[in-house]
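Scroll down for the structure; my scribbles are underneath it.
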Amino acid sequence: MAVDELKKYTAEEFLQMELGSEKQYELIDGVIVSYSAPNELHQDIVLGLGSELRSFIRGNGGSCKPFIAPFDVKLDDHTVVQPDVLVVCDQSKLDGKRCNGAPDIVIEVVSSDKKNDYSIKLEIYKEAGVKEYWIIDPSAERTVVYIFDNSRVTDLNIYTFDKPVPVNIFGSALTITIDNLAY
């Protein structure tokens with residue numbers, strides 16, 4: 001389907017579109033954005049994170065649910081994103097197709113467009129009510145972790161890939177070392 005680059009789309013219009021499967025698409029403030037397929041390291045990290053989170057949640061009888069991309073998250077009437085990894089603890093936000101509202105944690109693995117994860121999505125997630133946002137940057141071999149409360153940053157930490165990163169939404173009972181995720 002052809003996309004009108006000058007038009008601002010609503011989330012409902014975007015979710016009805018069939019854009020093809022050769023790229024990943026998101027709606028950012030009404031504008032459709034496309035991304036190329038991720039590389040092997042990116043996928044190793046995403047799958048490893050999803051597995052670690054799922055195993056921890058199941059092993060502790062938790063009610064939260066982890067997802068990996070592609071999985072739509074409708075944050076508002078003009079923003080639909082597909083975070084690399086997310087965890088939703090409020091099951092009422094899930095409708096069988098997508099998450100409607102802010103996940104508890106969002107993890108993005110930086111690919112080619114660093115500005116997207118470090119700036120644009122940082123603001124989107126902070127304003128939407130995400131509690132915890134990780135930016136994993138393979139080229140810098142670091143993970144930046146933001147903790148949000150009421151749309152403001154309350155904590156910021158940077159971890160190298162060889163250091164365990166605490167998952168704050170679980171009271172730091174789970175830590176993940178990024179170096180251990182590569183297959």
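For the single chain, residues carry numbers from 1 onward in sequence order. Values below: all heavy atoms of this structure, side chains included; hydrogens, waters and symmetry mates excluded.
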Rounded to the nearest 0.5 angstrom, the CG-CG distance for Asp72 and Asn100 is 9.5 Å
With Asp95 as reference, evaluate Lys97, Arg98, Lys93 under the salt bridge (Lys or Arg N to Asp or Glu O under 4.0 Å) test and give the passing residue. Arg98
Could you walk me through whether Ile147 and Tyr133 pass side chain to side chain contact (heavy atoms under 4.5 Å, CB included), step by step? CA-CA 7 Å; Ile147 306 300; Tyr133 176 44; over 6 Å; no
Which heavy atom in Ile169 sits nearest to a heavy atom in Glu132, and how many Å separate them? N-OE1, 2.8 Å
Which heavy atom in Asp84 sits nearest to a heavy atom in Val109, and how many Å separate them? OD2-N, 2.7 Å
Quickly, which of Leu75, Val88, Val87 forms a side chain to side chain contact (heavy atoms under 4.5 Å, CB included) with Cys99? Name it, please. Val88
How close do Ile158 and Arg142 get, heavy atom to heavy atom, and via which atoms? CG2-CD, 4.0 Å
Report the C-alpha distance between Ile136 and Leu49 in whole Å, list the side-chain angles of each, state the deciding distance to 0.1 Å, and finish with yes or no for side chain to side chain contact (heavy atoms under 4.5 Å, CB included). CA-CA 11 Å; Ile136 299 175; Leu49 285 165; 3.5 Å; yes
Side chain to side chain, Val110 and Ser139, heavy atoms closer than 4.5 Å: no
Is the gap between the ring centers of Tyr125 and Phe148 under 6.0 Å? no
Going by heavy atoms in the side chains, are Ile107 and Leu86 under 4.5 Å from each other? no
Are Glu26 and Lys121 ion-paired here, with the side-chain N under 4.0 Å from a carboxylate O? yes
Could you tell me if Asp90 and Ser92 have a donor-acceptor pair between their side chains, going purely by distance under 3.5 Å? yes
Distance in Å, Arg152 CZ paired with Thr154 OG1, rounded so as to fall on 0.5 Å steps: 6.5 Å
Start with the C-alpha distance between Val85 and Val106, add both sets of side-chain angles, then the distance that settles side chain to side chain contact (heavy atoms under 4.5 Å, CB included), and finish with yes or no. CA-CA 6 Å; Val85 180; Val106 169; over 6 Å; no
Taking side chain as C-beta onward, heavy atoms only, is Trp134 less than 4.5 Å from Asn157? no
Determine whether Ile124 and Lys126 make a side-chain contact, defined as any pair of heavy atoms from C-beta on separated by less than 4.5 Å. no
Is the backbone of Leu47 close enough, under 3.5 Å, to the side chain of Ser51 for a donor and an acceptor to pair up by distance? yes
So does Lys7 have more than 12 non-hydrogen atoms from other groups sitting under 6.0 Å from NZ? yes
Does Lys131 pair with Asp149 as a salt bridge, N-O distance under 4.0 Å? no
A quick test of your reading: do over 12 heavy atoms of other residues, nucleotides or ligands sit less than 6.0 Å from NZ of Lys74? yes
Closest non-hydrogen atom pair, Thr79 against Asp76: N-OD1, 2.8 Å
Would you compute the distance between atom CD1 of Ile57 and atom NZ of Lys65 and round it to the nearest 0.5 angstrom? 10.5 Å
Does the side chain of Asp162 reach to within under 4.5 Å of the side chain of Asp179, using non-hydrogen atoms? yes
With a 3.5 Å cut-off and no angle check, do the side chains of Tyr118 and Asp137 form a donor-acceptor pair? yes
Taken to the nearest 0.5 Å, the spacing of Lys115 NZ from Leu122 CG works out to 13.0 Å
With a 4.5 Å limit on heavy-atom distance, are the side chains of Pro138 and Ile45 in contact? yes
At their closest point, which heavy atom of Phe170 faces which heavy atom of Cys64, and how far apart are they? CE2-SG, 4.0 Å
Close side-chain approach of Phe161 and Thr177, heavy atoms under 4.5 Å: no
More than 12 heavy atoms of other residues, nucleotides or ligands under 6.0 Å from NZ of Lys114: is that the case? yes
Looking at Glu40, is its backbone amide N or carbonyl O close enough to the side chain of Gln43 to form a donor-acceptor pair, meaning the two atoms are under 3.5 Å apart? no
Looking at every heavy atom in both Tyr9 and Met17, which two are closest together, and how far apart are they? CE2-CE, 3.8 Å
Could you go through Ile176 and Leu174, starting from their C-alpha distance and side-chain angles, then the distance that decides it, and tell me whether this counts as side chain to side chain contact (heavy atoms under 4.5 Å, CB included)? CA-CA 7 Å; Ile176 298 174; Leu174 170 65; 4.2 Å; yes
Can you tell me how far the CD atom of Glu18 sits from the OH atom of Tyr25, to the nearest 0.5 Å? 12.5 Å
Close side-chain approach of Asp29 and Lys8, heavy atoms under 4.5 Å: yes
